[in-house]
2 protein chains.
Amino acid sequence: MIKIDIANALMQALPISKATALQIVDLLTNRMKQALLDDERIEIRGFGVFEPRPRKSGQGRNIKTGQRVDIPKGRSIRFKQGKDLRGIEVK
Amino acid sequence: MIKIDIANALMQALPISKATALQIVDLLTNRMKQALLDDERIEIRGFGVFEPRPRKSGQGRNIKTGQRVDIPKGRSIRFKQGKDLRGIEVK
DNA sequence: GTTCCCATGATCAAGATCGATATCGCGAAT
DNA sequence: ATTCGCGATATCGATCTTGATCATGGGAAC
């Protein structure tokens, strides 16, 4: 599923054009990006929670040279699946 | 940021009611949930990728009883942040 | 606006999994 | 059709994962 698929789902359920649907998707993702970049957590019950969290990790490895590389602390976004997505049966 | 905040952002940018905005948010999250439950990956360039993946884990521990608990293989949703969310500066 | 209900966070340990890097091929997005 | 983000890959330390229970607050009903 990619952006277009989501937009299609939207325009099928609402009386809007695909262009508008795409606008909406972009709008939402942009707002969410802003929030996450602003270190704000996003919680949508039933779906999941996006939580920006500091990462200190340690060191990785440069595949080319094989040498170790220090991984700066930085920050990562953790997505914790909500109840509706938990307990998924293994197919 | 919670569902209402997202809906507000939507209604501020588009000529729609808050009720409609909420509908849209629910619609999107529901469709995404369906896709994920259907073992489908969701990719939105720049934002991130939701990827259902099998988990085999091993065993955890029940805090109450202190006894080990077998962690069933199940499935988890991994969210990999896109380029726009990577390289977040540490504040 | 106000209230009620139930999803979520925190907590334990230990083992599975992730993340960062560089390059290229593929495919998402325009 | 063009552009440019993403997957795959290797290593290994940091981080996530599960279950039970209470407190908190998301979010929906009134």
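Letters A, B, ... mirror the listed sequences (proteins, then strands); counts begin at 1. Side chains included, hydrogens not; waters and symmetry mates left out as well; all remaining heavy atoms used. Fair warning: this is a prediction, and the values are worked out from it, not measured in the lab.
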Q) Which residue, A/K80 or B/D26, contacts DNA chain D at a nucleotide closer to its 5' end, judged by nearest heavy atom? A) A/K80

Q. DNA chain D: B/I4 or A/R78, which has the more 5' nearest nucleotide?
A. A/R78

Q: Please tell me which of the listed nucleotides, C/dT17, D/dT15, D/dG26, lies nearest to the side chain of B/R53?
A: C/dT17

Rounded to the nearest angstrom, tell me the gap between atom [atom1] in [X] and atom [atom2] in [N].
X	N	atom1	atom2	result
A/Q81	D/dC16	CD	C1'	12 Å
A/F79	C/dG9	CZ	P	11 Å
A/R45	D/dG26	CZ	C1'	4 Å
A/I77	C/dG19	CD1	P	11 Å
A/I42	C/dT8	CD1	P	15 Å
A/D84	D/dG26	CG	P	17 Å
B/M1	D/dG25	CE	C1'	17 Å
A/I2	D/dC6	CD1	P	13 Å

Q. So, A/D38 side chain and A/Q34 main chain: donor-acceptor pair closer than 3.5 Å or not?
A. no

(Q) Could you check whether any side-chain N or O of B/T20 sits under 3.5 Å from a backbone N or O of B/I16, counting only pairs where one atom can act as donor and the other as acceptor? (A) no

Q) Is a salt bridge present between B/R45 and B/D84, judged by a nitrogen-to-oxygen distance below 4.0 Å? A) no

(Q) For A/D5, is there an ion pair with B/R31 - N to carboxylate O distance below 4.0 angstrom? (A) no

Q | 5'-most by nearest nucleotide on DNA chain C - B/E43 or A/R41 | A | A/R41

Q) Can you check whether A/K3 has a side-chain N or O nearer than 4.0 Å to OP1 or OP2 of C/dA28? A) no

